[in-house]
Amino acid sequence: QVQLVESGGGLVQPGGSLRLSCAASGFTFKNYVMRWIRQAPGKERELVADISAGGGTTRYLDSVKGRFTISRDNGKNMVYLQMDSLKPDDTAVYYCYAVRSGREYWGPGTQVTVSS
């Protein structure tokens with residue numbers, strides 16, 4: 001069965017860094033666009049970053065450009081989000097998301113809290 005297993009969330013002080021990881025199984029990972037999506041309480045979901053199936057094209061939410069980096073390893077069925085210079089406004093549940101031709105899969109989400 002399809003699984004997206006996330007790790008790496010936690011509590012960090014402003015200016016700190018975290019690296020989120022997502023391990024995929026049960027589908028042809030290399031054919032899917034992968035995304036990181038976040039949601040804070042009472043706020044809309046935001047597309048944080050995405051990466052093309054081959055890893056050659058990336059896109060970012062304006063507010064995270066220059067601070068976050070999405071990457072993938074198709075040989076390991078893994079996608080990552082390196083988050084640097086974290087701000088309190090980055091606090092949210094972060095979800096790993098796979099999409100191809102209308103088929104989509106979600107991870108369970110991992111909490112990221114940025115606070116002093």
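Between Val79 and Cys96, the closest side-chain pair of non-hydrogen atoms falls below 4.5 Å. Side-chain contact between Pro14 and Lys87 is absent, with no heavy atoms from C-beta onward closer than 4.5 Å. Counting only heavy atoms from C-beta outward, the side chains of Thr69 and Leu81 never approach each other to under 4.5 Å.
Annotation for Phe29 and Asp73: closest pair CE2-O, 4.1 Å, computed over non-hydrogen atoms. Across all their heavy atoms, Leu4 and Ala24 have their closest contact at CD2-CB, 3.6 Å. Here the shortest heavy-atom pairing between Ala98 and Met34 reads CB-SD, 3.5 Å. Taking all atoms of both residues into account, the shortest heavy-atom contact from Thr91 to Ala40 is O-CB, 3.6 Å. Here the closest heavy-atom approach between residue Ser21 and residue Met78 is recorded as CB-CE, 3.9 Å. For the pair Lys30 and Arg72, the tightest heavy-atom approach, listed with the atom from each and the gap, is CA-NH2, 4.2 Å.
Although no hydrogens or angles enter the test, the distance criterion places a donor-acceptor pair under 3.5 Å between the side chain of Asn74 and the main chain of Ala53.
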Could you walk me through whether Val48 and Asp90 pass side-chain contact (heavy atoms from CB on, under 4.5 Å), step by step?
CA-CA 10 Å; Val48 177; Asp90 296 319; over 6 Å; no
Between Leu18 and Val112, does the side-chain contact (heavy atoms from CB on, under 4.5 Å) criterion hold? Intermediate values first, please.
CA-CA 9 Å; Leu18 285 173; Val112 172; 3.9 Å; yes
Determine, step by step, whether Phe68 and Leu61 satisfy the side-chain contact (heavy atoms from CB on, under 4.5 Å) criterion, reporting the C-alpha distance in whole Å, the side-chain angles of both residues, the deciding distance to 0.1 Å, and the verdict.
CA-CA 9 Å; Phe68 290 12; Leu61 183 67; over 6 Å; no
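Residues passing the salt bridge (Lys or Arg N to Asp or Glu O under 4.0 Å) test with Arg59 are Asp50, sequence neighbours excluded. With sequence neighbours excluded, the residues forming a salt bridge (Lys or Arg N to Asp or Glu O under 4.0 Å) with Glu46 are Arg38, listed by chain and number. By the side-chain contact (heavy atoms from CB on, under 4.5 Å) test, Ser85 is found to be paired with Arg67, residues two or more places apart in sequence or in another chain being considered. With sequence neighbours left out, Lys65 forms a salt bridge (Lys or Arg N to Asp or Glu O under 4.0 Å) with Asp62.
Results of the side chain to side chain contact (heavy atoms under 4.5 Å, CB included) test with Val114 over Val12, Leu11, Asp89 single out Val12 as the only residue that passes.
Criterion: ILVMFWY side-chain heavy atoms under 4.5 Å apart, direct or through other members. Under it, Tyr60 and Leu47 are not part of a common hydrophobic cluster. Note on Val99 and Ile37: same hydrophobic cluster, where clusters join Ile, Leu, Val, Met, Phe, Trp and Tyr whose side-chain heavy atoms are under 4.5 Å apart, directly or indirectly. Note: the hydrophobic cluster containing Val93 also contains Tyr97 (ILVMFWY, side chain heavy atoms under 4.5 Å, direct or indirect links). Hydrophobic clustering of Ile, Leu, Val, Met, Phe, Trp and Tyr side chains at less than 4.5 Å, counting indirect connections, keeps Met83 apart from Tyr95. Cluster membership check: Ile70 shares its hydrophobic cluster with Leu20, using side-chain heavy-atom separations under 4.5 Å among Ile, Leu, Val, Met, Phe, Trp and Tyr.
Judged by the 6.0 Å and 45° rule, Arg45 forms a cation-pi pair with Trp106.
Within the structure, every pair that satisfies the side-chain hydrogen bond (donor to acceptor under 3.5 Å, both in side chains) test and touches residues 107-116, not counting sequence neighbours, is listed here: Gln111-Thr113. Sorted by first then second residue, the ring-ring contact (aromatic ring centres under 6.0 Å, His included) pairs that include residues 4-28, not counting sequence neighbours, are Phe27-Tyr32, Phe27-Tyr105.
For Tyr94 and Glu6, the side-chain atoms include no donor-acceptor pair closer than 3.5 Å.
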